[in-house]
Amino acid sequence: GGGAGTAWSDAWGRAVAISGNTLVVGARFESSGASGVDPGDDAEADDSLPRAGAVYVFTRTGTTWTQQAYLKPPTAAEDERFGYSVAVDGDTIVVGATGEASGAGAAFVFVRSAGTWLQQAVLKASNADAGDLFGSSVAVFDDTIVVGAPHEGGASRGVNPGSAAEASNAAPTAGAAYVFLRTGVDWSQQAYLKASNADAGDNFSAAVSIAGDTIAVGAPREASRSTGVLIPGQSGKDDNSGPAVGAVYVFERSGVDWAEDAYVKPRTSTNTSTNFGLSVAISGDTLAVGAPTESSAATGVNGGTLAELDTSAATAGAAFVFVRIDAKPGEATWVQQAYVKASNSGAGDYFGFAVRIDGDVLAVGAPYEAGFATGLAASAAAQASDAYPQAGAAYVFLRAATTWRQAQYVKASNTDAYDWFGSCVAVSNDTVVVSAPFEAGNGVGVNSGAGADDSVPAAGAVYVFR
């Protein structure tokens with residue numbers, strides 16, 4: 001259910017994240033003019049600043065979820081879109097606000113102490129410009145935060161190219177990612193990351209993820225038709241014959257220095273725009289990548305080369321899993337382990353729009369899937385149905401040794417057309433979270449029982465499965 005102030009078009013749940021027993025939900029279009037942490041019920045109910053945005057924090061005790069905090073920036077503003085992206089690790093939350101300062105964007109850091117959340121920092125790009133959309137994607141691991149700015153226009157390539165290169169705007173929407181490090185309670189920018197083949201329009205950092213000293217950055221509009229994984233120095237990255245094929249870049253930290261370790265593509269070529277890298281997630285030595293406009297009609301996992309090359313189901317979508325291996329010098333350290341398709345793959349489903357992974361559990365969202373089923377026990381006939389356009393679905397896959405299998409087809413308990421269930425997913429241990437930002441129920445709080453009501457268009461809802 002929604003937060004305390006569920007309202008029309010809040011898009012509640014367009015961003016979600018979970019860490020252990022803490023769930024964070026972004027509502028980028030929430031309109032309260034309140035500022036700070038927990039300003040009170042009246043402040044939450046206020047609608048004076050359209051699309052200011054808000055974030056809600058829930059905690060679980062046993063099987064019961066309760067709202068712990070309502071987060072706003074220190075000074076809320078119209079169209080700030082606070083909550084556009086969210087990430088959490090332990091007692092640290094990072095929130096992206098892409099509309100801050102005329103679209104330059106910002107990221108806000110909150111920390112928890114004894115059950116109370118306080119704002120710790122506001123992060124800005126070292127070369128902030130209007131329209132960069134800094135905060136479109138965020139990720140946090142321990143004391144490191146990554147923030148994406150997919151409309152940043154620097155034409156430089158590589159890591160930390162210098163202040164003059166950062167100031168360039170010769171490559172509109174090439175994109176950049178920024179790494180921040182916490183020392184004590186202070187945050188500072190550690191790195192400015194650019195693709196090794198940065199070009200205008202690539203949208204590098206539309207998605208970011210971090211685990212330990214490894215960062216994955218998606219560039220869904222990158223245009224090379226190269227295949228497989230390339231290491232620094234290998235050619236093949238500058239072919240621009242495949243608009244929006246997409247790529248993922250993996251960066252590694254050694255000491256305080258970051259360097260690109262791998263340029264990741266599927267092992268088979270494609271002649272269609274797949275938006276590979278629109279979603280990315282990394283856990284340990286495993287990387288998951290969504291390609292929501294991939295067009296194979298295949299179903300299941302690892303259907304073979306012909307399945308991967310098929311283009312008969314436009315924008316059905318796919319996900320890819322890569323694993324890190326011990327490689328010899330000059331060889332790639334990442335290899336493709338799985339090509340993942342839905343059990344009911346169909347044209348227009350956008351499977352892979354969202355991916356998240358934790359250990360051996362992979363969740364994939366398909367917000368345009370149209371099945372009429374509800375819950376977790378859908379029949380084959382229900383999975384094959386297209387009765388509810390853009391109702392959405394999510395899929396859970398499990399790995400045993402090196403083999404992946406689909407374990408669950410997940411639908412909302414109140415499935416309805418155009419809810420976009422599966423727009424965002426999150427995984428932590430045995431818990432999977434799925435959002436439906438355009439769900440229209442008027443309920444508030446947790447398990448409000450108002451799920452069948454459709455009186456509040458695009459209010460949004462979040463569903464937790466275990």
Side-chain angles (χ1 to χ4, degrees), residues 139 141 146 177 195-197 204-220 222 224-232 234 236-237 245-253 259-270 274-292 294 296 298 300-305 307-309 317-328 330-341 351-364 395 397-406 425 427:
F141 187 94
V146 188
S196 52
N197 62 335
F204 175 89
S205 82
V208 297
S209 185
I210 181 172
D213 293 317
T214 304
I215 290 173
V217 181
E222 192 267 356
S224 169
R225 282 203 176 127
S226 65
T227 59
V229 179
L230 299 178
I231 62 174
Q234 284 187 305
K237 301 178 185 178
V245 169
V248 170
Y249 302 77
V250 179
F251 296 85
E252 293 288 343
R253 176 169 52 191
E260 186 178 310
D261 177 61
Y263 167 79
V264 180
K265 298 278 227 175
R267 63 189 165 208
T268 53
S269 63
T270 178
T274 65
N275 281 279
F276 178 89
L278 185 70
S279 56
V280 300
I282 191 165
S283 175
D285 294 322
T286 304
L287 167 67
V289 182
E294 189 265 1
S296 170
V301 179
N302 291 334
T305 301
E308 294 182 36
L309 292 173
F320 299 80
V321 179
F322 299 83
V323 293
R324 179 163 36 201
I325 61 172
D326 291 328
K328 298 177 182 177
E331 294 181 347
T333 55
W334 292 86
V335 297
Q336 185 173 317
Q337 184 178 64
Y339 167 70
V340 180
K341 297 284 286 185
F351 176 90
F353 187 87
V355 297
R356 285 293 183 271
I357 189 168
D358 187 20
D360 295 319
V361 181
L362 169 67
V364 182
Y395 303 77
F397 298 85
L398 300 179
R399 175 172 55 188
T402 60
T403 301
W404 289 91
R405 65 175 180 85
Q406 184 175 314
V425 296
V427 181

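Below, all heavy atoms of this structure are taken into account, side chains as well, without hydrogens, waters or symmetry copies. In this chain, residues are counted from 1 in sequence order.
- When atom types are taken as modelled, the side chain of Ser209 and the backbone of Ile282 share a donor-acceptor pair closer than 3.5 angstrom.
- At least one side-chain heavy atom of Arg267 sits under 4.5 Å from a side-chain heavy atom of Tyr339.
- Considering CD of Glu260 and CG of Leu230, their distance stands at 9.5 Å, rounded to 0.5 Å.
- Residue pairs meeting the side chain to side chain donor-acceptor pair (under 3.5 Å) criterion with at least one partner in residues 277-291, sequence neighbours excluded, are Asp285-Arg324, Thr286-Arg399.
- Thr227 places no side-chain N or O within 3.5 Å of a backbone atom of Thr268 that could act as its donor or acceptor partner.
- Rounding to the nearest 0.5 Å places CZ of Phe204 at 8.5 Å from OG of Ser196.
- Under the 3.5 Å distance criterion, the side-chain polar atoms of Gln337 are left unmatched by any main-chain donor or acceptor of Val323.
- Remark: Phe320 CZ to Leu287 CG distance equals 11.5 Å, nearest 0.5 Å.
- Annotation: the span from Lys265 atom NZ to Gln336 atom CD amounts to 12.5 Å, rounded to 0.5 Å.
- Nearest heavy atom pair, residue Ala307 against residue Ala298, reads CB-CB, 3.6 Å.
- For the atom pair CD of Glu252 and OG1 of Thr214, the computed distance is 3.0 Å after rounding to the nearest 0.5 Å.
- Ring pair Phe351/Tyr395 is perpendicular by interplanar angle, where above 60° counts as perpendicular and below 30° as parallel.
- At a threshold of 4.5 Å between non-hydrogen side-chain atoms, the residues Leu398 and Val361 count as touching.
- Shown here for Val427 and Arg356, the closest heavy-atom pair between the two residues is CG2-O, 3.9 Å.
- Of the inter-residue distances, the one linking Ile357 atom CD1 with Leu362 atom CG reads 5.0 Å to the nearest 0.5 angstrom.
- Side-chain N/O atoms of Asn197 and Ser224 include no donor and acceptor closer than 3.5 Å.
- Formation of a donor-acceptor pair under 3.5 Å by the Lys341 side chain with backbone atoms of Asn302 is not found in this model.
- Of all non-hydrogen atoms in Val280 and Ala216, the two that sit nearest each other are CG2-O, 3.9 Å.
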Yes or no on salt bridge (Lys or Arg N to Asp or Glu O under 4.0 Å) for Glu222 and Lys237, after CA distance, side-chain angles and deciding distance?
CA-CA 10 Å; Glu222 192 267 356; Lys237 301 178 185 178; over 6 Å; no

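- Between Ala207 and Leu278 the shortest heavy-atom distance is CB-O, 3.4 Å.
- Summarising the geometry of Ala332 relative to Ile231, their closest heavy-atom pair is CA-CG2, 3.4 Å, with the distance given to 0.1 Å.
- Pairing each heavy atom of Val264 with each of Phe276, the nearest pair is O-CE2, 3.2 Å.
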